[in-house]
Amino acid sequence: MNSKRAIPIEFLKSFLVLLENHSFSQTAVEVGRSQSAISLQIKRLEEVAGTPILTSSGKSLSLTQQGEVLYEYAKQIVRLNDECINRLDGNLLVGKIRIGIPSDFAIAFLPLILGRFTETHPNVSIDVKCDLSADLRQTIDSQECDIVLALDDGRPTRFLKSLWRDPVSWIGLKSHEIHRISPLPLILYLEPCQYRERVIRTLTQSNIPYRVLFTSQSIGGNHAAIQAGLGITALSKNSIPPYLEELPKSDKLPTLDDVQVGIYWNARGATKATLEMGEYLSEALNSKLEKIPRGSS
């Protein structure tokens, strides 16, 4: 075996993380190495490949033809390595996880989380339930879901494991100029909804006239109404879809209170798969949100 042509697993993992976020600095944070160490790892991969594997254009990274080949093998190698370690440790996960998550967070967080989880634990099947946070929190007690990511309402519960703070933004399309109309046309979820409550309370306290023009429990329906220019809404800043925009705060669009995002599960019945999924969700939230220490709010 030619050791000079061997590829360390950690180099391949850094390579895959880099392709996910297109940032050497963010990759360094995620894998716990320095930025220069990540650069050296990529250089070593190119030496093994005998050719460049990445090209850059501004802040964007693209794969070369040989980079595409390496990418496909890297995914398989890393997955098999993790699966092998889990099996050797007796930690090969099997079974099913039922996840509850609001639709906006599902769009923002689930693709990356599920991709990584299923690559590492291919024998675990996943069922996802999207609903309002108020309803999702109850699914832990009723045993409809094994783990839930939802907005926290401040009520004490033994199922809450961790909390994060997420700012709330006004959302719309700047080109429609809808946010300059009075009374302010609103597109809101049906009650109970924390975003709806914050919007109406803030506008009322600020003496800003408004009218609820469109309501729906469907995230697709609300987003379509915004794109059609019917009105604006409010969402977690970290769940804004790419086809909508954060609107600038103004006298007519005052600052909205933050929401708190929690992870919930029943510790008494939690399987290894549930606990592992909790780690994946926590890592994703830690990378984007401010974690709230225990005992504070």
Novice: Linking I/L/V/M/F/W/Y whenever their side-chain heavy atoms sit closer than 4.5 Å, directly or via other members, would Leu190 and Val168 fall into one cluster?
Specialist: no
Novice: Where do Pro254 and Ile208 come nearest, in terms of heavy atoms and distance?
Specialist: CD-CD1, 3.5 Å
Novice: Is there side-chain contact between Lys13 and Asn81, with heavy atoms separated by less than 4.5 Å?
Specialist: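 SC-SC contact between Lys13 and Asn81 confirmed.
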Novice: Using modelled atom types and a 3.5 Å cut-off, is there a donor and acceptor pairing between side-chain atoms of Thr64 and backbone atoms of Pro52?
Specialist: yes
Novice: Where is the tightest heavy-atom contact between Leu45 and Phe11, given as atom of each residue plus distance?
Specialist: CD1-O, 3.7 Å
Novice: Between the side chains of Ser142 and Thr139, is a donor N or O closer than 3.5 angstrom to an acceptor N or O?
Specialist: no
Novice: Decide side-chain contact (heavy atoms from CB on, under 4.5 Å) for Phe214 and Ile226; before the verdict, give the C-alpha distance in whole Å, the side-chain angles of both, and the deciding distance to 0.1 Å.
Specialist: CA-CA 9 Å; Phe214 184 95; Ile226 296 171; over 6 Å; no
Novice: Should Tyr195 and Leu188 be marked as a side-chain contact (heavy atoms from CB on, under 4.5 Å) after you check the CA-CA gap, both sets of side-chain angles, and the distance that decides it?
Specialist: CA-CA 8 Å; Tyr195 297 125; Leu188 301 175; over 6 Å; no
Novice: When rounded to the nearest 0.5 angstrom, what distance separates CG in Asn238 from CG in Asp104?
Specialist: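 Those atoms lie 11.0 Å apart.
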Novice: Taking the side chain as everything from C-beta on, heavy atoms only, tell me whether Val148 gets closer than 4.5 Å to Phe159.
Specialist: no
Novice: Could you report the tightest heavy-atom contact between Leu235 and Pro241, atom names first, then the distance?
Specialist: CD1-CD, 4.4 Å
Novice: Any idea which heavy atoms bring Lys237 and Asp166 closest together, and the distance?
Specialist: N-OD1, 4.1 Å
Novice: What residues form a side chain to side chain contact (heavy atoms under 4.5 Å, CB included) with Val69, not counting sequence neighbours?
Specialist: Gln66, Tyr73
Novice: Salt bridge (charged side-chain N to carboxylate O under 4.0 Å, His left out) with Arg33: which residues, sequence neighbours excluded?
Specialist: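 By the salt bridge (charged side-chain N to carboxylate O under 4.0 Å, His left out) rule, Arg33 matches Glu10.
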Novice: Without swapping roles, check the side chain of Glu245 against the backbone of Lys174 for a donor-acceptor pair under 3.5 Å.
Specialist: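 Checked: pair present.
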Novice: Indicate yes or no for a side-chain donor-acceptor contact from Glu144 to the backbone of Gln138 under 3.5 Å, with no hydrogens or angles considered.
Specialist: no
Novice: Taking atom CD1 of Ile171 and atom CD1 of Ile187, what is their separation to the nearest 0.5 Å?
Specialist: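 Ile171 atom CD1 to Ile187 atom CD1 measures 12.0 Å (nearest 0.5 Å).
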Novice: Given salt bridge (charged side-chain N to carboxylate O under 4.0 Å, His left out), test Lys43 with Glu46 step by step and report yes or no.
Specialist: CA-CA 5 Å; Lys43 182 179 179 181; Glu46 291 185 326; over 6 Å; no
Novice: Is the closest side-chain heavy-atom distance between Leu132 and Pro102 below 4.5 Å?
Specialist: no
Novice: Counting heavy atoms not belonging to Gln143, are there more than 12 under 6.0 Å from its CD?
Specialist: no
Novice: Side chain of Lys161, backbone of Ile263: donor and acceptor closer than 3.5 Å?
Specialist: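 Flag not set: sc Lys161 to bb Ile263 has no pair under 3.5 Å.
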Novice: Do you know the tightest heavy-atom contact between Ala228 and His176?
Specialist: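 In this case the closest contact between Ala228 and His176 is C-CE1, 4.1 Å.
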Novice: Does the side-chain contact (heavy atoms from CB on, under 4.5 Å) test come out yes or no for Leu253 and Ser250, once each step is laid out?
Specialist: CA-CA 5 Å; Leu253 298 180; Ser250 66; 3.8 Å; yes
Novice: Linking I/L/V/M/F/W/Y whenever their side-chain heavy atoms sit closer than 4.5 Å, directly or via other members, would Val29 and Phe109 fall into one cluster?
Specialist: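 In one cluster: no.
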Novice: Could you go through the side-chain contact (heavy atoms from CB on, under 4.5 Å) check for Trp170 and His179 one step at a time?
Specialist: CA-CA 9 Å; Trp170 293 100; His179 54 291; over 6 Å; no
Novice: Using 0.5 Å steps for rounding, measure from the CG atom of Asp131 to the OG atom of Ser103.
Specialist: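 Rounded to the nearest 0.5 Å, the CG-OG separation comes to 8.0 Å.
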Novice: Check whether any side-chain heavy atom of Trp265 sits under 4.5 Å from a side-chain heavy atom of Leu275, and report yes or no.
Specialist: yes
Novice: Say you draw a straight line from CD1 of Ile113 to OG of Ser282; how long is it, rounded to the nearest 0.5 Å?
Specialist: 9.0 Å
Novice: Got a second to check how far Glu276's CD is from Thr271's OG1, nearest 0.5 Å?
Specialist: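 It is 10.5 Å, given to the nearest 0.5 Å.
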Novice: So for atom CD, which belongs to Glu177, do other residues, nucleotides or ligands contribute more than 12 heavy atoms lying within a distance under 6.0 Å?
Specialist: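 Counting neighbours around CD of Glu177, more than 12 heavy atoms of other residues, nucleotides or ligands fall under 6.0 Å, so yes.
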Novice: State whether the number of non-hydrogen atoms from other residues, nucleotides or ligands found under 6.0 Å of Lys75 atom NZ is greater than 12.
Specialist: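 Enclosed.
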Novice: So, do Met277 and Asp146 sit near enough that their side-chain heavy atoms are less than 4.5 Å apart?
Specialist: no
Novice: Report yes if some heavy atom in the side chain of Tyr189 is under 4.5 Å from a heavy atom in the side chain of Ile219; otherwise report no.
Specialist: yes
Novice: Closer than 3.5 angstrom, by distance alone: can the side chain of Arg137 be matched with the main-chain N or O of Leu151 as a donor-acceptor pair?
Specialist: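 Confirmed, Arg137 side chain pairs with Leu151 backbone.
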Novice: So, for Cys145 and Ile140, which heavy atoms are closest and what is the spacing to 0.1 Å?
Specialist: O-CD1, 3.6 Å
Novice: Decide whether Leu244 and Leu213 are clustered together by the hydrophobic rule: side chain heavy atoms of Ile, Leu, Val, Met, Phe, Trp, Tyr closer than 4.5 Å, transitively.
Specialist: yes
Novice: Whether the side chain of Ser239 engages the backbone of Phe105 through a donor-acceptor N/O pair (distance < 3.5 Å, no angle test) should be reported.
Specialist: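 Checking the backbone N and O of Phe105 against the side chain of Ser239, no donor-acceptor pair under 3.5 Å is found.
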Novice: Relative to the ring of Phe117, is the ring of His121 parallel (under 30°), tilted (30 to 60°) or perpendicular (over 60°)?
Specialist: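 His121 and Phe117: tilted rings.
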Novice: Would a single hydrophobic cluster contain both Leu80 and Leu12, if residues Ile, Leu, Val, Met, Phe, Trp and Tyr are joined by side-chain heavy-atom contacts under 4.5 Å?
Specialist: no
Novice: Looking at side-chain heavy atoms only, is the closest gap between Thr27 and Phe15 below 4.5 Å?
Specialist: no
Novice: Report yes if the side chains of Ile178 and Leu230 come closer than 4.5 Å at any heavy-atom pair, otherwise no.
Specialist: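 SC-SC contact between Ile178 and Leu230 ruled out.
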Novice: Nearest 0.5 Å, what's the CD1-CG distance between Ile200 and Leu186?
Specialist: 7.0 Å
Novice: Strictly distance-based, threshold 3.5 Å: is any side-chain N or O of Thr118 a donor or acceptor partner for the main-chain N or O of Gly115?
Specialist: yes
Novice: Restricting to side chain to side chain contact (heavy atoms under 4.5 Å, CB included), what partner residues turn up for Gln35, sequence neighbours left out?
Specialist: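 Checked Gln35 against side chain to side chain contact (heavy atoms under 4.5 Å, CB included); matches are Phe24, Ser25, Ala28.
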Novice: Measure from the side-chain N and O atoms of Arg198 to the backbone N and O of Leu256, and report whether any donor-acceptor pair falls under 3.5 Å.
Specialist: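 Checking the backbone N and O of Leu256 against the side chain of Arg198, no donor-acceptor pair under 3.5 Å is found.
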Novice: Ile9, Leu70: one ILVMFWY side-chain cluster at the under-4.5 Å cut-off?
Specialist: yes
